[in-house]
Each structure stands twice: as C-alpha cells, then as structure tokens.
Amino acid sequence: MTVGSLLVADLAIALLGTALWLGGGAAAVARRRRLTRWLAAAAVLATAARAITIIALARAGWWFAAEKVLVAAPLSLAGVAVAGSRLLRTSGDIRSAAVPLLFAGYAGSGALLVTVLHGYPPSAGGALLAVAGVVGATAVSRRVLDPRPSPAVSRAGVALAVAALLTGTALTAVPGAAPGVHDHGYPPESRTVGEPTRQFTLTAGTATVNVGGGDVAAWAFNGQVPGPELIATVGDVLEVTLRNRDIARGVTLHWHGYDVPNRQDGVPGVTQDAVLPGQEFVYRFRADQVGTYWYHTHAVSDIGVRKGLYGVLVVRPGPATGVDVTVPVHTLAGRPLPAPRTERVQAGTPVRLRLVNTDSTTHRYALAGAPVRVAAIDGMDLRGPTPLVDTAVLIPAGGRYDLVFTAPATPVALFVDGREVYATGPVSVNTDRWPVLDPLTYGTGAPVPWSRFDERFTLVLDRGLDFQGLLPRYAHTVNGAAHPDIPPQVVRSGDVVTFRIVNRSPVVHPWHLHGHHVLVLSRDGRPATGSPLWLDSFDVRPGEIWEVAFRADNPGVWANHCHNLAHADAGMALHLMYS
Ligand code: C2O
Ligand code: CU
C-alpha cells in the first residue's frame, strides 16, 4: 500500500468511526438498545483499525502522522474510555449512554477537523481549540438530553471549554514569522552587448481563437494560442519585447525552466512590475542553455496561462537536422491542443518530438510504432538513454520531455492521454495499458557531484484554513502556512542546498523552482539510480517524499511554487532568496 492510499484509508476510517459513534449516540437517544450496542462495537473496531493506519503512517514519516498521534489518538482513546465504560454497565436506561457516545463522536470530529483544517505542523493552539469544541458540544448535549444534570459537572465542563478556547485562540493567533517579499527594489539589469541578437515582439491581448472547430475567447500572444515559437541557437542573445494591448490585470514573461538572470525572470512584484495595458517591457538574456523550454505570463498566472498566454522556447545547438517538432499540450476552454497533425517522414530520418505540458495537471504521452529514447527532460540531456518500446511517459505540469527516434518505414504516432496528436501515417493501437517510465531508474547513473550540503530545507505540502486579514480560505499550504506568509528559503551564493518535499495532501503537486535546475537525489528514501536528473518541474504525488539538491549559483529572489497554478494561487508559493 502506498503512503498516498494509506492517507486516504486513514481519513476514511476516521470518518467512519466518527459517524458510528455519533450514530450510536443517536440510537441511544431513541432508546434502541441493540442498535446502540452494535454501532458502538463497530466504532470501537474502527478506532482499533485507525491505530494501525496511524502507526503505519508514522513509520512512513512523522510528517504524515504528527497531529494524528498527538491529537487524534488521545481524543479517540478518551472517547473509547468514556463511552465504553458507560456501555459496560449494562443496567438502566440506554438513553443514559447517549452523552458518552456523543462525546466519543465529538472527539472524533474534533480530531478530523484538526487534520483537515490545520494539518502539519501540529500546534498546541489547534489541539486546544479541538478540545474546547469537544467539551463545549458535550456540555450542550448534556443540557439537552440529561433531565437532571449535576450543576457541578456542567460548570466544570463550561469552564474547561472556555479555558481551552481562550488558550487555543491565543496560541493560534500568534502572527506568522514570515515577512513577504516586497515590491520594488528589483535587481539591476544585466546587459549583454555585441552578440548576435534575435528579436521578437509578443503582444498580449484578448482574442477569439478557433480550437477544434469552435471559437473560444482566449488571451493570446500575437493573436494566437499558443504564442509564437521562439527558436534560437545557443549563443544568441534573445531580445523579447512584451507589449500589453488590453489584459487589464497585467502580463509578464516567465521563461519556464530557463535559468535567466533574476531581472529577466518575469515574476511581478518580485523581479518587475506587471506590464499593464499600453505598457511594454524588454527581456534580454543570452541563450546559453540548449533544450526545450516554454514561456508564459506570471501575472495572475492561474487565469493567464489557462486562457492562452504561453508559447514554446527552443534553443538548438546548431541548424536543425532531421525532423524537429514541438508538441505543446494545453487545455483551452476544455478543448485539447494541439490539433492532430500528420506529416510524411522519410524512413531513416532522425526525429525529435519536443513534448511540453503547459497545463496544470499531469499528461500521459505514448509513442507507438518505433523504439524511442528520452533524450532530454526539462531541457537537460540524459546520460545513456536506452530505447523504450511500448512505454508511456508521464509529464508533470510545466515539464518537457524530448523523445528521439529514427523514422521507420512504417508509420509512427504520438498519443496524449489516448488522443493522437502527431503521426507519420495511420496507426491504430491502444496505448492505455502500457507501462509508465520511471525516470529515476532510466539511463546511466553517475555520482552526485557534491559531498557536502550547506543548507537543508523541508517543505511539507498540505491543506489548511488560512486567514488573509479576516477572510478565511482553504489554502494549499507549505509547512502550515500559505503565501505570502511562508518563510523564504535563505541561501548564500555558492551554497549547495538540498530540500525535501513531503506531500501529505491527497493531490499531486508539480513542484517548480525558478532560476535553477535541481538534481533528484531520492524519492521515498530510495536513491535515484538512473541518469542524473536535473529538473525544474517534478510531480510530488500524495504520500511521496522527494529529496533534491542544487548549487546556489544564480543570485536573486526566486519563486519556488507548485505549478498547478490554481494551487499556487491558493497559497502554495514561497521564495528562495540569496542573503
Ligand atoms: Cu512556469 Cu513560476 O512558473
Ligand atoms: Cu499543488
């Protein structure tokens, strides 16, 4: 069982146990003696089963189990003790067991709320608020159900609830330690002069584009989705003028995966101001990394990218040889891009398919008809990639894979999530059941280039209640905080930095660090054994723990965020900062 499914099972059992206790309480109120006993017995079993899932999660990593061990377990034990001891006294009216059973149900509910709303890291404040809720709800139930409540017990209950509530609120209201990154004071511009310059102009504007035979209202660069392909040769200087015609909320250009100087990174409020309607901004940087990249707006990026403000950036080592095709996959207003395309390719021709995932979720790609090698991931060449036959690859949001093969005499076709997008002739095959490549074991290994690490960080990904001022939101959190309250990772130039990403939430988080490629060290404690993997985008699935490292060699303030852009928008974004 994976940790991800264990997390789901644990939540399901907790819900079930809580429902059984509450149901038992209701049955007791209705004086259904047999039903009450059955429900209570089932609740005890569920609680016992939960002990197993909690222990298993704690063994997978304390991050997965912390609040369950510290809050849920004691509350559940209290519930079993109180309800169980009352039920063992068989005589008398079963209705008198109602309050103890409800107490166990409230305890389960309180613990669930701590997990779902508060998550990791656990806090005394959160625990005390849960206790206050449990005691308060029990006191109210007693008043309602007990014909002769003892005033002393009631008063003690109320006093306990109020004390827990006040302490809990005081403890959770302590402001987060995190200063945000402030506007302005942007890094100085780095100028390059005298090299061959490739100039492009990208004008952002609202547009109507035709997708799959229907018109869609989009935001587009130069009226097209995707925007123009920017193709350069290594050594060129790229000079890209960004203009905004009518995107009211502003635009920028972020060179996804391209490790540009900080000033060119295109993050509004961090490296520049958003470019408003009528304004322009010129990006200039040298194309000194070969490979497949992409660009997109980083202003209201969740909406902007989804609506079409993106395009491909390819830097070639020299003149193109053979067939060289980009396949940027996107979902525009629910319709898949690109449109399927067929071209005849002479047998023996080298073919490179540059697959780009510009959506916020993972896509599955499968090439049928020829053995294929994954030559590069995220723009970085792999070492010793072997030919793959009938194998699919999963590309995370923002990620790129370069597939290369020699065109056979028979047709070849590329499928994305089962839909054919590129072919050299008719191919009919179902790729749904093909095995999926694990890039961590693909290609030829090499030792990690560093023997010491200067800085270590851990990012625990979760969900939780977050307040922006007085407005509550259900945020995607990192270490219990949401943007802009997540403390920045501060490093010194030259440091070798590792960070661990732990996903204790039930959804995939495609992680993306700006300005640097990170080397994958391990996943779930198992070292990567394949070709060194230098990534800028990687999927951290539920229950997974990734350990990655990089050298801090590109000074500035860099966004470090989830590339499910809706998650980033809902808080899952922080900064890497050079001191
Ligand atoms: Cu492709 Cu900060 O993003
Ligand atoms: Cu995410």
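In each ligand, atom 1 is the first atom listed, and ligand 1 is the first ligand listed. Note that the structure is predicted; figures quoted are calculated from it, not measured.
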Determine, for Arg364 against Asp417, whether the closest basic-nitrogen to carboxylate-oxygen distance falls under 4.0 angstrom.
no

Point-to-point distance, once rounded to the nearest 0.5 Å, from CG of Leu459 to CD of Gln489
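Answer rounded to 0.5 Å: 5.0 Å.
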
Nearest 0.5 Å please: distance from the CG atom of Asn244 over to the CZ atom of Phe221.
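It is 9.0 Å, given to the nearest 0.5 Å.
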
From [X], does some N, O or S atom reach closer than 2.8 Å to atom 2 (Cu) of ligand 1?
X      : result
His561 : yes
His563 : no
His254 : no

Using a distance-only test with no angle check, is there a side-chain donor-acceptor pair under 3.5 angstrom linking Asn560 and His514?
no

Taking atom types as modelled, is there a side-chain donor on His516 or Asn554 under 3.5 Å from an acceptor on the other?
no

Take the Cu ion (ligand 2) as the vertex and measure to SG of Cys562 and ND1 of His567; round to 10°.
130°

Name of the His509 N, O or S atom nearest the Cu ion (ligand 2)?
ND1

Would you say Arg335 has more than 12 foreign heavy atoms packed within less than 6.0 Å of its CZ?
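More than 12 within 6.0 Å, yes.
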
If you stand at atom 1 (Cu) of ligand 1 and look out to NE2 of His296 and ND1 of His256, what angle do those two lines make, to 10°?
120°

Which of the N/O/S atoms in His514 sits closest to atom 2 (Cu) of ligand 1?
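Of all N, O or S atoms belonging to His514, NE2 is the one nearest atom 2 (Cu) of ligand 1.
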
